[in-house]
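Taking it in order: structure first as structure tokens, then the write-up.
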Amino acid sequence: MKITGAQSLIKSLEAQGVEVIFGLPGGAILPVYDPIIDSTIRHILVRHEQGAGHMAEGYAQATGRPGVAMVTSGPGATNIVTPISNAYMDSIPLVVITGQVPTGAIGTDAFQECDITGITQGITKHNWLITDVEDIPTVIAEAFYVATTGRPGPVLVDFPKDIAQTEVEWVEPPSFDELDLPGYKPQLDGDAELVSAAADLMAAAERPLLYVGGGVLKARGAEALLALAESTGIPVVTTLMARGAFPDSHELCLGMPGMHGNYTAITAMQEADLLVSLGARFDDRVTGRLDAFAPKAKIVHVDIDPAELNKVRRADVGIVGDARRVTEALVTASAGRSQVDRSAWRTQLAGWQAEFPLTYDPAEEGQALKPQAIIEALAANSPADTIVVAGVGQHQMWAAQHWNYDLPYTWINSGGAGTMGFAVPGAIGAKVGEPGRTVWGIDGDGCFQMTAQELVTARVEGIPVKIAILNNSYLGMVRQWQEMFYEERYSEVYLTPDLPNFVMLAESMGCVGIRVDRPEDVLPAIERANAINDRPVVIDFRTDASEKVFPMVPAGASNSDVVVHPTQRAGA
Amino acid sequence: MAEPFSGTTERTPVTHHILSVLVENKAGVLSRIAGLFSRRGFNIFSLAVAPAAEDERFSRLTIVVDAESAPIAQVVGQLNKLINVVAIRDMRPDEATERELLLATVSVDEEGRQDLLAHVAHAGASIVDFSSDAVTVSLSGTPAAADAFERHLEANYGAVEVQRTGRVALPRLNPPA
């Protein structure tokens with residue numbers, strides 16, 4: 001059967017089990033948009049290519065399946081560079097298809113030509129320029145294999161227009177086992193001797209911690225983690241990328257470490273004699289000043305990416321392997337070892353938790369809304385399996401701190417790249433992947449204005465996400481730094497609170513818009529939003545601009561110098 | 001007199017490593033490797049590329065890396081993440097037999113020519129081209145021999161144009177303990 005290259009591409013995507021593509025057509029990708037009409041794959045037409053990328057990421061984070069985005073050449077391709085970079089930093093399986101000018105025109109500065117494989121070389125696991133129509137099924141299979149296995153990540157396939165228009169005999173794509181990738185062999189099982197050495201260190205450690213990163217979620221390792229923590233009694237910290245990997249309400253959970261982590265999680269890392277890092281990468285937002293980080297701790301480092309071992313902190317035991325499989329192996333190895341008495345450690349941790357809980361000053365009569373209280377109200381009035389998708393900034397940190405995540409895959413955000421504007425398209429993608437669950441996007445007024453137009457996509461495509469804007473009329477995190485570190489010299493951070501009119505903006509995009517100024521209106525607004533399931537809802541919560549995120553480890557400072565909430569400081 | 005051309009035998013401090021990298025012969029592979037070194041802040045002293053003898057699907061890159069710019073394990077680890085990189089052999093200088101090729105065109109008049117020929121013969125170099133006022137010579141040898149030969153030419157003759165290939169290397173058969 002002869003088909004076109006465009007048809008071959010769509011059939012190849014169908015063969016990989018793709019159920020949805022987020023995209024926007026244009027000249028070079030035009031031939032591929034014809035067979036989409038006849039495909040089983042749902043296409044969601046975005047309003048900006050950045051939206052397509054973040055939707056695909058939200059979808060992937062919520063479901064564990066690769067997200068797929070398709071855009072045209074030139075500006076279409078460059079507009080999706082930010083999501084690709086975001087996916088690279090957060091190890092999200094993402095397959096991006098870009099149109100390209102015809103092969104004969106490549107290198108001539110043709111209309112809408114750009115070297116997208118060159119541009120994305122440093123922010124993809126791999127990318128391909130298809131030069132032979134017969135390669136399509138194999139390249140697409142390779143793209144999905146590379147994106148989803150090992151340390152997941154983004155890949156890009158550049159697809160010239162003439163290849164799309166060339167006829168070819170359809171050949172079924174090879175299975176993953178049949179692919180010829182001699183330089184790519186992810187190691188899944190940890191070395192047994194190293195696992196045994198790690199289990200020895202764990203059993204003997206008096207002040208150990210499980211330092212859990214996003215790799216545990218990528219590896220579907222939450223159950224194994226729970227078994228490891230409970231069988232050894234070792235407490236757990238979950239990084240920003242791992243919120244929900246271990247239940248916040250579990251007695252062994254210390255919560256989030258890092259720049260805006262809680263006092264106990266941060267301080268426990270500083271005082272630990274052993275850190276067992278599972279799928280984490282000693283990011284600077286976790287370690288603070290590196291030479292002062294966890295000075296007493298030996299390190300067990302488990303990562304599927306061998307290059308992460310010893311990259312930042314030397315590991316005493318470095319284990320290459322899948323976080324779930326190695327965690328399971330550690331459970332087995334620990335079963336034959338008795339753990340030392342750690343009651344002193346547990347007592348110390350409990351003491352810190354009692355003395356330095358996450359806290360904020362509740363709003364007094366007539367004061368503006370407290371953003372932390374809104375997060376708590378949203379959490380208290382939403383189903384347990386609600387998916388929270390945040391943008392980047394203060395609202396993101398409050399959402400990570402004040403929502404209790406007890407289930408995996410309920411928290412999605414832009415961690416490594418810190419991409420403002422992630423929340424709205426990210427929430428839309430998550431809702432597409434998990435249509436039966438409530439999805440709350442928690443956004444700032446600055447972030448919201450970067451990608452809000454995708455709410456048109458959400459309305460048109462019937463994707464009823466809910467967006468809570470914590471509107472403090474500032475680029476709040478920058479404002480916080482200027483207040484604390486630049487002597488309150490506020491430079492280019494004020495965003496007028498009423499421009500745009502968020503309610504009118506939401507309504508103009510076919511969403512329900514609600515504005516909330518007073519504490520007594522918070523709950524009714526949330527209940528109203530939760531009851532609406534036929535269109536997106538946007539709530540404009542007017543919050544206190546002076547609120548800051550605490551605790552805070554100032555940039556470049558040691559974690560031992562964490563700044564707690566003013567009411568918890570000595571003499572307060 | 002022959003001393004400078006015998007190459008170094010004593011243990012020199014390790015400031016470089018030689019990475020012999022087998023890659024798939026695919027479009028853009030050199031760019032991927034060069035881009036990786038640049039964005040990760042790893043420094044390259046030299047880079048030699050040729051088809052791999054054993055299999056036409058592969059090429060072999062010999063990369064001399066500044067081992068002070070980054071931990072060598074990190075360089076190897078990041079290189080290994082490139083999908084087109086198939087295998088990496090990491091060698092310290094004292095574990096490797098290193099060779100490179102030098103070509104030099106030297107302006108030389110009738111008077112100086114005898115001296116140059118004697119020197120070329122002594123160094124184990126050879127004449128590969130000549131004209132009435134210039135000679136092109138080639139030397140293959142250890143990097144130290146090439147260094148010394150190049151220094152001698154520059155010190156004793158007028159215009160000298162030198163090109164070097166960068167090193168290739170194989171493990172020494174009797175490495176130091």
Side-chain angles (χ1 to χ4, degrees), chain A residues 85 88 91 103 106-107 115-132 135 138-139 142-143 145-147 149-158 160 179-187 281-282 301 303-315 318 320, chain B residues 14 17 19-44 47 49-63 65-90:
Chain A
S85 172
Y88 191 70
S91 305
T103 44
I106 289 176
D115 173 21
I116 195 63
T117 52
I119 288 171
T120 58
Q121 208 173 71
I123 51 171
T124 50
K125 267 186 90 172
H126 196 62
N127 58 29
W128 291 258
L129 170 66
I130 293 187
T131 54
D132 185 337
D135 292 347
T138 300
V139 167
E142 288 177 350
Y145 179 60
V146 169
T149 55
R151 178 178 182 171
V155 297
L156 180 142
V157 178
D158 206 15
L179 295 175
D180 179 27
L181 293 168
Y184 183 68
K185 292 184 194 70
Q187 182 183 333
R281 60 182 176 88
F282 295 83
H301 193 172
D303 207 292
I304 196 157
D305 178 356
E308 285 304 331
L309 303 184
N310 303 313
K311 182 184 83 173
V312 172
R313 172 77 178 251
R314 195 187 67 79
V320 177
Chain B
V14 177
H17 271 235
L19 301 181
S20 179
V21 184
L22 191 70
V23 300
E24 284 185 282
N25 217 341
K26 297 223 164 147
V29 66
L30 199 55
S31 161
R32 291 179 199 279
I33 288 177
L36 173 74
F37 274 80
S38 129
R39 72 175 171 270
R40 296 267 176 197
F42 308 152
N43 293 336
I44 296 179
L47 175 64
V49 190
E54 58 268 39
D55 191 331
E56 64 183 12
R57 290 183 304 154
F58 302 118
S59 288
R60 184 169 298 284
L61 278 66
T62 308
I63 309 173
V65 183
D66 178 357
E68 287 176 357
S69 68
I72 204 74
Q74 183 59 204
V75 179
V76 171
Q78 294 295 346
L79 268 179
N80 255 324
K81 284 170 69 170
L82 296 178
I83 305 295
N84 295 142
V85 169
V86 178
I88 300 173
R89 177 192 278 155
D90 169 24

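The basis for the numbers below is simple: all heavy atoms, side chains too, and nothing from hydrogens, waters or symmetry mates.
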Out of A/G150, A/P186, A/G122, A/G118, which one racks up the most heavy-atom pairs below 4.5 Å with chain B? A/G122
Just so I understand: if I count every heavy-atom pair under 4.5 Å between each of A/L309, A/N127, A/V146 and chain B, which residue has the most? A/N127
Roughly how far apart are B/I83 CD1 and A/Y145 OH, rounded to 0.5 Å? 9.5 Å
Need one label for A/D115: side chain, backbone, both or neither, based on atoms under 4.5 Å from any heavy atom in chain B. neither
Heavy-atom distances under 4.5 Å only: say whether A/D305 touches chain B with side chain, backbone, both or neither. side chain
Kindly indicate whether the side chain of A/Q121, heavy atoms from C-beta on, has any atom under 4.5 Å from the side chain of B/L82. no
Between B/K81 and A/A307, which heavy-atom pair has the shortest distance, and what is it? CD-CB, 3.7 Å
Given a strict heavy-atom distance threshold of 4.5 Å, which part of A/P182 is in contact with chain B: side chain, backbone, both, or neither? both
For A/K311 versus B/Q78, what's the shortest heavy-atom pair and its separation? CD-NE2, 4.3 Å
Quick one: ring-ring contact (aromatic ring centres under 6.0 Å, His included) partners of A/Y88, sequence neighbours excluded? none
Could you tell me which portion of B/R39 (side chain, backbone, both or neither) has an atom closer than 4.5 angstrom to a non-hydrogen atom of chain A? side chain
Return all side-chain donor-acceptor pairs below 3.5 angstrom for residues 20-28 of chain B, not counting sequence neighbours, or 'none' if the list is empty.
from: B/S20; atom 1: OG; to: B/R60; atom 2: NH1; distance (Å): 2.9
from: B/E24; atom 1: OE1; to: B/N84; atom 2: ND2; distance (Å): 3.2
from: B/N25; atom 1: OD1; to: B/S59; atom 2: OG; distance (Å): 3.2
from: B/N25; atom 1: ND2; to: B/E56; atom 2: O; distance (Å): 3.4
from: B/N25; atom 1: ND2; to: B/S59; atom 2: OG; distance (Å): 3.4

